[in-house]
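Numbering of ligands and ligand atoms starts at 1, following listing order. Throughout, numbering of the chain's residues begins at 1 and tracks the sequence. All heavy atoms count here, side chains included; hydrogens, waters and symmetry mates do not.
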Amino acid sequence: MPAPLTATAIAHPNIALVKYWGKRDDAANLPATGSLSVTLDAMRSRTRVRFEPGRSGDSVRLDGREDAGTSRRVSACLDLLRRRAGVRHGAVVDSDNDFPTGAGLASSASGFAALVTAAAAALGLDLPLDELARVARLGSGSAPRSLFGGFALLRNRADGEVAVGPLLAAEAWPLRVVIAITSAAHKEVSSRDGMAASRETSPYYGEWLHSHAADLDAGVRHVQGRDFTALATLAEHSCLKMHAVMMTTRPPLLYWMPATLGCLQAVQALRRAGTPVFFTIDAGPQVKAVCEPAAVPAVREALAAVPGVIRVVDSGLGPGAYCLDA
Ligand code: PMV
């Protein structure tokens with residue numbers, strides 16, 4: 001059957017509970033550490049890829065706009081897939097997010113997971129997810145995790161590649177994530193540039209790497225054992241350790257808003273009062289509060305009451321990336 005040359009895919013952002021920050025290899029975009037995440041269902045990236053015979057070069061539009069940096073990363077992923085399929089056609093890529101892009105809501109993870117899923121289908125390539133993950137991580141280090149639903153685990157392999165796969169299905173532990181949006185502004189320093197600066201200048205970077213393997217192993221155990229209390233302590237520690245590295249980078253990477261800190265304190269107060277909830281924050285000012293389903297109304301109310309919180313979004317755990325028209 002000839003390749004359809006066009007396909008559209010959906011992928012959801014994911015939030016790391018054991019974070020990654022830093023690269024082992026900049027050119028290959030290999031993460032310095034593994035990571036453990038949950039994929040969300042409330043937000044999505046939708047990406048359409050159309051390969052055009054005779055076209056040279058790719059046209060890439062994200063939320064209707066062209067951006068040279070994004071286009072280069074998209075073309076790098078498409079080049080790998082084109083080589084694999086033995087075609088040279090340029091592509092027209094249209095991607096949109098139903099949430100703020102580049103604001104610490106993991107839009108690059110969902111965007112690149114949707115891109116490689118759609119592009120492989122358009123080229124008629126039936127690749128194992130592990131192979132698709134290798135293409136996706138060229139675009140964004142956290143994108144391979146969005147290929148999977150529920151809880152996903154990414155580990156560095158001894159041969160230098162990454163291994164990524166499902167750790168636990170969403171239905172097996174249907175936690176909720178309440179997201180407090182404190183700013184929709186685009187971040188000033190990209191994760192990629194920030195990571196390179198942290199490696200060069202943060203005095204804590206070495207300790208971050210050194211202590212990471214034990215955190216990841218503990219995270220796997222706590223998820224497999226559905227141990228909310230232990231996961232809460234570990235995830236908050238991993239998040240704050242990553243932000244300590246960011247803040248001690250020169251110049252400092254301070255992604256927080258006053259409301260970010262307000263949300264952390266609100267989550268801590270809830271937990272002290274017995275509500276099963278913990279926080280995590282990525283390279284941006286939004287706070288993600290992970291909780292058991294019964295806690296959602298109390299968590300929503302507490303976060304919405306923090307001065308500076310613009311909007312609160314409640315999400316379940318979502319599926320991996322999929323094609324709409326394959
Ligand atoms: O996907 P990247 O390479 O832009 O990295 C994002 C890293 C964090 O979101 C800050 C942490 C993580 O593990 O997702």
* **Atoms in ligand 1 flagged as close to Ala16, the criterion being non-hydrogen separation under 4.0 Å** => 12 (C), 13 (O), 14 (O)
* Structure fact -> At under 4.0 Å between heavy atoms, what of Lys23 touches ligand 1? The answer is side chain
* **Under-4.0 Å heavy-atom contact with ligand 1, by part of Arg192 that carries it** => neither
* Asked: Which heavy-atom pair separates Trp21 from Tyr205 by the least distance, and what is that distance?
  -> O-CE1, 3.7 Å
* Enumerated ligand 1 atoms positioned under 4.0 Å from heavy atoms of Ala283 -> 10 (C)
* How does Arg137 reach ligand 1, by side chain, by backbone, by both or by neither, if only non-hydrogen atoms under 4.0 Å count? -> neither
* **N or O pair under 3.5 Å between Trp21 and ligand 1** => no
* Asked: At their closest point, which heavy atom of Ser146 faces which heavy atom of His12, and how far apart are they?
  -> OG-O, 2.7 Å
* Check the surroundings of atom CD in Glu188: do more than 12 heavy atoms from other residues, nucleotides or ligands lie under 6.0 Å from it? => no
* Quick check: are there more than 12 heavy atoms from other residues, nucleotides or ligands sitting under 6.0 Å from CD of Glu207? -> yes
* Quick one: do Glu161 and Arg137 make a salt bridge, cutoff under 4.0 Å? -> yes
* To do: May I ask you to check if ligand 1 and Asn14 share an N or O to N or O distance below 3.5 Å?
  => no
* Any idea how Phe228 and Trp173 line up, ring-wise: parallel (<30°), tilted (30 to 60°), or perpendicular (>60°)? -> perpendicular
* To do: Check whether any N or O atom of Ser140, backbone or side chain, sits under 3.5 Å from an N or O atom of ligand 1, and answer yes or no.
  => yes
* Asked: Where is the nearest protein heavy atom to atom 9 (O) of ligand 1: which residue, which atom, and how far?
  -> Asp282 OD1, 3.4 Å
* Asked: Hey, does Ala109 sit under 4.0 Å from ligand 1 if you only count heavy atoms?
  -> no
* To do: Check whether any N or O atom of Met246, backbone or side chain, sits under 3.5 Å from an N or O atom of ligand 1, and answer yes or no.
  => no
* **Salt-bridge present (Asp217, Arg155; N to O < 4.0 Å)** => yes
* Asked: Should the pair Arg44-Asp96 be classified as a salt bridge under the 4.0 Å nitrogen-to-oxygen rule?
  -> yes
* If you count the atoms of ligand 1 from 1 in the order shown, which ones are under 4.0 Å from a heavy atom of Lys19? -> 13 (O)
* Structure fact -> The single option from Arg82, Arg72, Arg88 that satisfies salt bridge (Lys or Arg N to Asp or Glu O under 4.0 Å) with Asp58 is Arg82
* Structure fact -> min-distance protein heavy atom vs atom 14 (O) of ligand 1 -> Arg145 NH2, 2.7 Å
* Asked: Just heavy atoms, cut-off under 4.0 Å: does Ser142 contact ligand 1 by side chain, backbone, both, or neither?
  -> both
* For atom 11 (C) of ligand 1, closest protein heavy-atom neighbour -> Tyr20 O, 3.3 Å
* Ignoring hydrogens and angles, state whether a donor on the side chain of Lys288 or Ser315 is under 3.5 Å from an acceptor on the partner side chain. => no
